[in-house]
Structures are given as C-alpha cells and as structure tokens.
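Position 1 is the first residue of the sequence, and the numbers go up from there. The shown structure was predicted, so the numbers you read here are calculated from the model rather than taken from an experiment.
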Amino acid sequence: MEPQFVHVRILLGIVLGLAITTLLKGMARFVQHPGRERIYWVHLGWALSMFVLLTHFWWWEFRLIHVHPWSFTAYAFLIVYVVVLFLLCTLLFPDDIGDYSGWQDYFQSRRGWFFGIMALSYAIDLIDTAIKGRAYFASMGPEYPLRNLAYIAACLIAIRTRAEWFHRAFVIAGIVYELSWIYRLYDFLD
C-alpha cells in the first residue's frame with residue numbers, strides 16, 4: 001500500500017468512526033430508554049440512510065489506492081466531505097432535544113440545516129470526483145452526475161416543505177436507491 005494512501009485513510013477513518021459512533025449512540029438511546037422519547041420513523045430512516053452512506057464511503061475508500069498522485073486539494077476535499085457527513089450525524093442526534101416536543105418537532109425544525117448540508121455533501125462529492133481527473137469522473141458513469149443533481153434537487157425541496165408524504169417518500173427512495181447504487185457499482189472492489 002502506498003504510504004500516502006495510508007496517511008489519507010487514517011484521518012478519514014477517525015472522522016468516519018466518530019460519525020458512526022454518533023449514529024449508534026443516538027440509536028441506542030431508543031433501546032436504553034424506550035418510553036422516554038417518541039420515535040419519529042422518518043428521522044430514524046435518515047439515521048439508517050446515513051449509516052448506509054458511511055459504510056458505503058468506508059468501503060469505497062479502498063478505491064482511493066488508485067488515485068495517483070495525491071494533491072493537497074484532493075486530500076482537503078475528502079476531509080471536508082467526511083466532516084460534512086459527521087455534521088449530518090450530529091444533526092440527527094444532538095446531545096439534547098429538551099427544547100422540542102419530540103423527534104419529529106426537532107427534525108422538522110432542523111430540516112433546513114440537515115438537507116442544506118446534505119445537498120452540500122453531494123455538491124462536494126461532484127467537485128471531489130472532478131478533481132481526481134476526467135478519466136476518474138468518467139469511470140463513475142453517466143448516472144453519477146444525474147444522481148447527485150437529483151439528490152441536491154430533492155434536498156432543496158425538503159428544505160422548503162414540511163409535507164410528511166414528501167419526507168417519507170424521500171427517505172425511503174433514498175435508502176432503496178443508495179443500496180441499489182452500492183450493489184451495482186461497488187459490490188466487489190478491484
């Protein structure tokens with residue numbers, strides 16, 4: 001393994017580990033105190049979606065061994081990307097929701113931040129992929145930019161609407177699509 005690649009993976013792994021810890025601790029509180037807070041399944045759906053996304057990113061990270069040479073710009077974009085993913089996890093599970101009537105009230109009140117940061121993550125992903133070169137971007141296929149643009153558009157709608165049907169459909173479609181994307185593109189790594 002290239003020493004640069006190992007160096008890049010160490011910091012990414014630390015931040016990803018913190019993000020996964022935040023999700024798992026947040027979900028564990030529902031098991032530890034089942035009657036204390038009313039569960040909002042859309043919120044839990046996004047927590048599951050983030051877990052899938054984080055494990056997907058960690059799996060995908062193996063492909064970074066093929067990136068040569070490493071530039072500080074590529075490294076910085078990856079760090080910013082995983083920090084954004086960590087922020088999404090902390091938005092899903094804050095230290096305290098005492099100022100809210102429950103998880104639905106909390107999630108709806110923070111949807112602008114959550115979906116704004118999520119849209120930013122898909123934009124960063126596009127830029128990061130472009131930084132790695134034209135051949136690398138093309139290797140992602142024509143679906144990749146359309147996928148990211150569709151997620152950005154859906155996030156912008158989610159920021160503006162409180163419509164429960166939209167939030168339910170978005171989280172379900174997001175999880176199903178992400179699992180399909182992972183299976184089709186990353187089931188086995190080179």
What distance separates Glu143 CD from Ser180 OG, expressed to the nearest 0.5 Å?
7.0 Å
Indicate the atoms forming the closest heavy-atom contact of Thr22 with Cys89, along with that distance.
CG2-O, 3.6 Å
Looking only at heavy atoms, the pair that brings Glu178 and Val52 closest together is CG-CG1, 3.9 Å
When rounded to the nearest 0.5 angstrom, what is the spacing between CG in Leu87 and OG1 in Thr90?
5.0 Å
Smallest separation among heavy atoms of Pro94 and Arg29, with atom names
O-NH1, 3.2 Å
Output side-chain donor-acceptor pairs under 3.5 Å for residues 150-163, partner residues at least two apart or in another chain, one line each.
unit_1	atom_1	unit_2	atom_2	d
Tyr151	OH	Gly174	O	3.2
Thr161	OG1	Ala163	N	3.0

Would the distance check show the side chain of Ser49 and the main-chain N or O of Gly45 forming a donor-acceptor pair, the cut-off being under 3.5 Å?
no
Evaluate ring pair (Phe, Tyr, Trp, His ring centres under 6.0 Å) for Phe170 paired with Phe115, printing each intermediate quantity in order.
CA-CA 11 Å; Phe170 187 20; Phe115 291 111; 5.7 Å; yes
Do the side chains of Tyr75 and Leu11 get nearer than 4.5 Å, heavy atoms only?
yes
Which residue, Phe93, Trp46, Tyr40, forms the ring-ring contact (aromatic ring centres under 6.0 Å, His included) with Trp103?
Phe93
For side-chain contact (heavy atoms from CB on, under 4.5 Å), just list the numbers for Glu164 and Gln108, CA-CA rounded to whole Å, side-chain angles, deciding distance to a tenth of an Å, and then say yes or no.
CA-CA 10 Å; Glu164 191 66 25; Gln108 286 292 337; 4.1 Å; yes
Hydrophobic cluster membership, with links at side-chain heavy-atom distances under 4.5 Å among I/L/V/M/F/W/Y: are Phe72 and Val82 in one?
yes
Taking atom CG of Leu48 and atom CG of Leu23, what is their separation to the nearest 0.5 Å?
9.5 Å
Side-chain heavy atoms nearer than 4.5 Å, only ILVMFWY residues, links allowed to pass through others: does that put Trp165 and Leu44 together?
yes
Heavy-atom side-chain contact between Leu126 and Leu149 under 4.5 Å
yes
Find out whether Met118 and Trp113 are in side-chain contact, i.e. whether some heavy atom of one side chain is under 4.5 Å from a heavy atom of the other.
no
Atom CG of Leu53 and atom CD1 of Ile182: how far apart are they, to the nearest 0.5 Å?
7.5 Å
The test is side-chain contact (heavy atoms from CB on, under 4.5 Å); show your working for Leu54 and Leu85 and say whether it passes.
CA-CA 8 Å; Leu54 291 169; Leu85 295 178; 3.9 Å; yes
Non-hydrogen side-chain atoms of Phe30 and Arg38 separated by less than 4.5 Å:
no
CH2/Trp41: more than 12 non-hydrogen atoms of other groups inside 6.0 Å:
yes
Calculate, to the nearest 0.5 Å, the distance between atoms CG and CZ belonging to Leu91 and Arg110 respectively.
8.0 Å
Atom pair CD (Gln32) and CE (Met27), whose distance is rounded to the nearest 0.5 Å:
12.5 Å
Taking only residues two or more places apart in sequence or in another chain, which ones pass side-chain contact (heavy atoms from CB on, under 4.5 Å) with Asp125?
Tyr81, Thr129, Tyr144, Arg147, Asn148
Does one side chain, of Arg111 or Tyr106, offer a donor that lies under 3.5 Å from an acceptor on the other?
no
For Leu92, is there any backbone N or O sitting under 3.5 Å from a side-chain donor or acceptor partner on His43?
yes
For the ring pair His56 and Phe51, is the centre-to-centre distance below 6.0 Å?
no
Decide yes or no on side-chain contact (heavy atoms from CB on, under 4.5 Å) for Trp58 and Arg9, but give the supporting numbers first.
CA-CA 9 Å; Trp58 213 315; Arg9 288 201 57 211; 3.9 Å; yes
